[in-house]
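We're numbering straight along the sequence, starting at 1. All figures in this text were calculated on a predicted structure; none of them were measured in a lab.
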Amino acid sequence: MSLKPKRVDFTSTWADLQETVKGVITLGNVARGTWNDRFSDVYSLCVAYPEPLADRLYAETKKFLENHVSQELAKVRKAGEKNLLSGYHDSWKQFSRGIDYLHKLYLYLNTQHIKKQKLSDAELTYGSLSVEATEQMKEIGELGLHIWKTQMVEPLESDLVGQLLEGIKYDRKGGAAGGSHFQSDSTIYGVIQSLVSVEEYKKKGNLDLYEEIFEKPFLLATGEFYREEAAKLLGEGSISQYMERVITKIEAEDVRSRKFLYPSSYQKVTGECEQRMVGDHLTYLHSECKPMVAGERRGDLANLYRLLKPISGAQAVLLEEVQQHIKQAGMESIADVKGETMHTDFVENMLTVHKKYRDLIQEVFQGDQAFVGALDKACTAVINHREPKTASKSPELLARYCDSLLKKSSKGISEMEIDDKLASSITIFKYLDDKDVFQKFYSRSLGKRLIHMQSHSMDMEEAMINRLKQACGYEFTSKFHRMFTDILTAEDLNSKFTTFLSNSNTEVGINYFIRVLQQGAWPLSNSGLTPIAVPIQLEKTVQMFEAFYSKQFSGRKLTWLHHLSNGDVKLGYTSKTYIINMTTTQMAVLLLFDKSDSLSYSELQDTTKLADDQFPRYVQSLLDAKLLLINTDSLGAQSIISLNLKYNNKRTKFRIAGTVQKETPQEIEATHHAVEEDRKMYLQAAIVRIMKSRKLLKHNALIQEVLSQSKARFAPSISIIKKCIEMLIDKQYIERTQNSTDEYSYVA
């Protein structure tokens with residue numbers, strides 16, 4: 001075949017081409033040779049000499065397609081209303097395949113003539129030209145689909161859509177095959193799909209036809225159907241049955257959508273069902289939330305959650321009920337905790353409540369973060385609950401709980417169990433508002449465990465500190481780490497002291513182990529020191545250690561904490577030999593009886609130099625241990641105290657130090673007071689930091705900044721922040737601006 005342009009007789013060429021076009025569009029049998037000849041004819045017409053005949057070819061093809069579609073429309077209508085959908089579907093199947101083949105036959109016309117006249121994608125997208133899309137030439141495939149839309153779909157629109165809606169409604173009601181409204185699934189799907197396919201070639205708005213003529217009326221019909229269904233279901237059974245049936249219907253409708261509709265409609269249909277059966281009845285569903293949550297009806301709650309979740313804002317009532325229920329359960333679990341086991345009961349009851357509702361949220365609400373947030377809020381409210389004008393007890397109780405686990409006294413419990421309990425206690429710690437109070441109490445109990453060597457295991461102590469560091473940062477636990485370091489370096493210090501004594505040929509006469517603690521790291525203040533005359537037996541050791549230490553570390557000052565020291569005293573006057581561990585203060589009292597069997601109250605006090613409030617406490621501890629006796633009913637200034645020479649005990653080695661090492665109410669009060677002072681300093685430092693960076697700040701903005709910076713450690717009251725601001729104004733760190741009373745500026 002020659003590609004050179006030549007003169008072409010359009011009428012005879014079109015007559016041959018038309019026959020082939022008719023065969024192609026009706027899926028007739030077109031021989032390969034005929035196809036090739038017609039392909040060449042299309043080319044010849046497009047490049048004809050002297051004038052190309054492409055436009056005329058396009059016009060004749062368009063006319064032919066319009067006639068063909070008109071004939072198909074008449075055929076579909078003639079088949080009758082009952083066969084409308086199947087007739088349309090059969091016609092569409094033939095036409096859609098035929099037009100696809102025809103598009104290929106007209107390849108040269110499409111690519112060389114039509115495409116050059118079409119608007120570019122950019123022009124279509126940004127609409128820079130005012131030419132209507134319908135005014136421009138279409139490729140033959142697109143032209144055929146456009147003609148199908150205007151001359152087949154639009155004339156049949158109301159009948160087609162009406163029958164589609166009837167067919168789907170019939171399917172919803174479980175209609176059997178062969179019924180008056182029965183249409184096969186493939187027919188309904190095929191007709192609906194044709195509404196999408198007919199405009200698929202469009203770059204923009206290719207679903208407009210489908211959405212406008214079918215989806216809108218379908219969604220309206222769906223809404224109406226399920227509105228009636230919901231009204232019927234509400235009158236038939238309980239809330240549980242209603243929810244189960246609604247879920248079944250929503251799931252069935254979702255399956256139906258996937259069977260018949262285009263994917264863009266799936267979510268819209270499900271949303272319509274949910275709105276009609278759930279959204280329209282929220283008042284009723286919300287009214288049932290309280291009894292469901294109170295009874296912890298897991299199945300019902302899971303169904304309610306499943307129904308409310310897709311509807312915006314519908315979960316708020318359920319969330320509130322769950323939060324209140326958890327809070328109530330938490331308050332009830334800790335309402336009756338008291339006595340010696342108060343700290344254990346408080347923490348373990350709270351952990352039980354937390355675990356129970358965490359598992360419930362995981363199972364019923366699929367671990368939804370909104371419900372996890374409700375659990376967190378409820379636990380925070382319970383754990384930080386306080387009576388008016390009193391501090392929360394939780395930080396102190398949690399510190400005592402950790403202390404009870406980390407002490408050697410934890411009997412009948414394995415190390416693994418202790419470790420698990422300590423790991424769980426971090427859950428409670430994270431909910432604490434007043435973490436600084438916990439820090440103070442934990443620091444005190446850690447100090448006592450380390451000093452009196454009562455720790456269950458140093459590894460456990462370290463693991464617990466690391467957990468706290470992970471939860472609150474290094475700054476929170478830095479002092480704990482320094483306390484640890486002091487204990488670990490004590491061994492080395494004592495061996496150096498022993499070497500020092502042997503080098504100076506000094507014999508102190510007693511066994512010793514001295515710990516030097518950094519004052520800034522340990523929760524020990526000089527104010528609690530008890531004045532005491534050191535027993536003669538210990539004087540030499542004290543003097544030699546001071547000499548050794550001043551030589552090792554120049555400029556450091558030692559303060560002896562005798563009330564925290566202890567030692568072993570051997571009783572040689574009894575029938576059996578006893579070794580008793582006691583505090584240095586108890587020892588100072590008892591050793592005075594080395595040279596005398598009885599002493600008066602005043603003689604003892606004058607010799608030991610103990611304060612009036614401390615002396616009776618230590619003497620009483622020795623009386624309670626039956627090591628000393630008195631001649632009066634109760635200890636007083638007139639009492640004569642004597643050694644119990646007939647002392648007897650089943651155990652030959654025991655300790656009585658613990659009787660005076662228990663935390664007194666005064667010490668607890670002092671800890672709380674120390675926390676208050678620390679808070680004031682922390683807040684003042686925070687205010688200065690903020691003002692230094694901002695230079696100028698309004699009162700409310702400053703308060704918010706301080707609250708934001710403090711929330712990791714504690715929740716300060718507005719009144720204490722105001723007091724700290726006033727203190728800093730007095731100290732001239734900040735000042736009020738001249739123009740405004742509620743604005744502060746930083747004083748450089």
Side-chain angles (χ1 to χ4, degrees), residues 1-3 6 8-48 53-80 83-115 137-153 155-156 184 186-187 189-191 193-201:
M1 153 189 162
S2 170
L3 297 176
K6 59 185 179 184
V8 181
D9 179 2
F10 182 83
T11 308
S12 62
T13 308
W14 169 244
D16 294 338
L17 184 57
Q18 188 175 0
E19 277 304 308
T20 307
V21 167
K22 190 173 182 180
V24 169
I25 204 76
T26 55
L27 303 181
N29 189 8
V30 178
R32 166 61 63 185
T34 309
W35 174 276
N36 289 341
D37 290 344
R38 298 299 82 81
F39 193 89
S40 301
D41 288 346
V42 170
Y43 171 77
S44 300
L45 290 168
C46 289
V47 296
L53 299 167
D55 288 343
R56 195 171 166 194
L57 173 63
Y58 180 83
E60 288 296 335
T61 307
K62 182 179 179 185
K63 192 172 166 186
F64 171 81
L65 288 172
E66 285 170 346
N67 289 335
H68 174 72
V69 173
S70 296
Q71 288 165 15
E72 288 294 312
L73 173 63
K75 203 192 298 180
V76 170
R77 279 183 166 154
K78 193 177 176 185
N83 298 316
L84 179 75
L85 287 185
S86 55
Y88 170 88
H89 185 224
D90 292 340
S91 183
W92 162 253
K93 281 195 292 186
Q94 184 193 76
F95 182 82
S96 60
R97 284 182 65 199
I99 200 70
D100 191 39
Y101 289 133
L102 192 63
H103 184 74
K104 289 171 181 155
L105 184 67
Y106 278 72
L107 181 68
Y108 191 82
L109 179 73
N110 290 333
T111 54
Q112 297 303 315
H113 184 70
I114 298 172
K115 269 195 178 174
M137 290 178 84
K138 294 178 171 60
E139 291 176 39
I140 296 303
E142 296 172 1
L143 176 68
L145 293 174
H146 178 69
I147 291 168
W148 182 270
K149 173 193 158 186
T150 54
Q151 293 189 213
M152 176 69 88
V153 175
L156 290 175
S184 74
S186 59
T187 301
Y189 174 75
V191 175
Q193 195 62 34
S194 78
L195 302 177
V196 177
S197 302
V198 83
E199 288 202 320
E200 225 163 16
Y201 65 87

Return the set of residues passing side chain to side chain contact (heavy atoms under 4.5 Å, CB included) with Ser186 (not counting sequence neighbours), or none when no residue passes. Ser184
Is it true that Asp100 and Arg97 make a salt bridge, defined as a side-chain N closer than 4.0 Å to a carboxylate O? no
Is the closest side-chain heavy-atom distance between Arg77 and Leu156 below 4.5 Å? yes
Once side chain to side chain contact (heavy atoms under 4.5 Å, CB included) is applied, do any residues pair with Thr61, and if so which ones, sequence neighbours excluded? Trp14, Leu57, Leu65, Tyr106, Ile140
On a heavy-atom basis, the closest approach of Gln151 and Leu73 is O-CD2, 3.3 Å
Not counting sequence neighbours, which residues clear side chain to side chain contact (heavy atoms under 4.5 Å, CB included) with Thr26? List them please. His68, Gln94
Thr34 side chain vs Val30 backbone, donor-acceptor pair below 3.5 Å: no
When you measure from the side chain of Asp41 to the backbone N and O of Asp16, does any donor-acceptor pair fall under 3.5 Å? no
Applying salt bridge (charged side-chain N to carboxylate O under 4.0 Å, His left out), name anything that partners Glu199, two or more places apart in sequence or on another chain. Lys149, Lys202
Scanning both residues in full, the closest heavy-atom pair of Thr187 with His89 reads CA-ND1, 3.8 Å
Using the rule given for side chain to side chain contact (heavy atoms under 4.5 Å, CB included), can you reason through Val24 versus Trp35, listing the C-alpha separation, both sets of side-chain angles and the distance that settles it, and then say yes or no? CA-CA 9 Å; Val24 169; Trp35 174 276; 3.9 Å; yes
How close do His146 and Tyr201 get, heavy atom to heavy atom, and via which atoms? CB-OH, 3.9 Å
Shortest non-hydrogen contact from Phe39 toward Lys104: CE1-O, 3.5 Å
If you round to the nearest 0.5 Å, how far is CG of Leu105 from CZ of Arg38? 9.0 Å
Please enumerate all residues that pass side-chain hydrogen bond (donor to acceptor under 3.5 Å, both in side chains) together with Asp9, with sequence neighbours excluded. Ser12
Is the backbone of Tyr88 close enough, under 3.5 Å, to the side chain of Ser91 for a donor and an acceptor to pair up by distance? no
Would you compute the distance between atom CD of Gln18 and atom CD1 of Ile25 and round it to the nearest 0.5 angstrom? 12.5 Å
Determine whether Glu72 and Phe95 make a side-chain contact, defined as any pair of heavy atoms from C-beta on separated by less than 4.5 Å. no
What is the minimum heavy-atom distance between Phe64 and Lys22, and which atoms define it? CZ-CA, 3.7 Å
Lys/Arg-Asp/Glu bridge criterion (N-O < 4.0 Å) met for Glu66, Lys63: no
Kindly indicate whether the side chain of Arg56, heavy atoms from C-beta on, has any atom under 4.5 Å from the side chain of Leu45. no
Quick one: list whatever passes side chain to side chain contact (heavy atoms under 4.5 Å, CB included) with Ser96, sequence neighbours left out. Trp92
So, taking the atom named CD in Glu139 and the one named CG in Leu102, what distance separates them when rounded to the nearest 0.5 Å? 12.5 Å
Taking Tyr43 for its side chain and Leu109 for its backbone only, find out whether a donor-acceptor pair lies under 3.5 Å. no
The reported gap from OG1 in Thr13 to CG in Asp37 (rounded to nearest 0.5 angstrom) is 11.5 Å
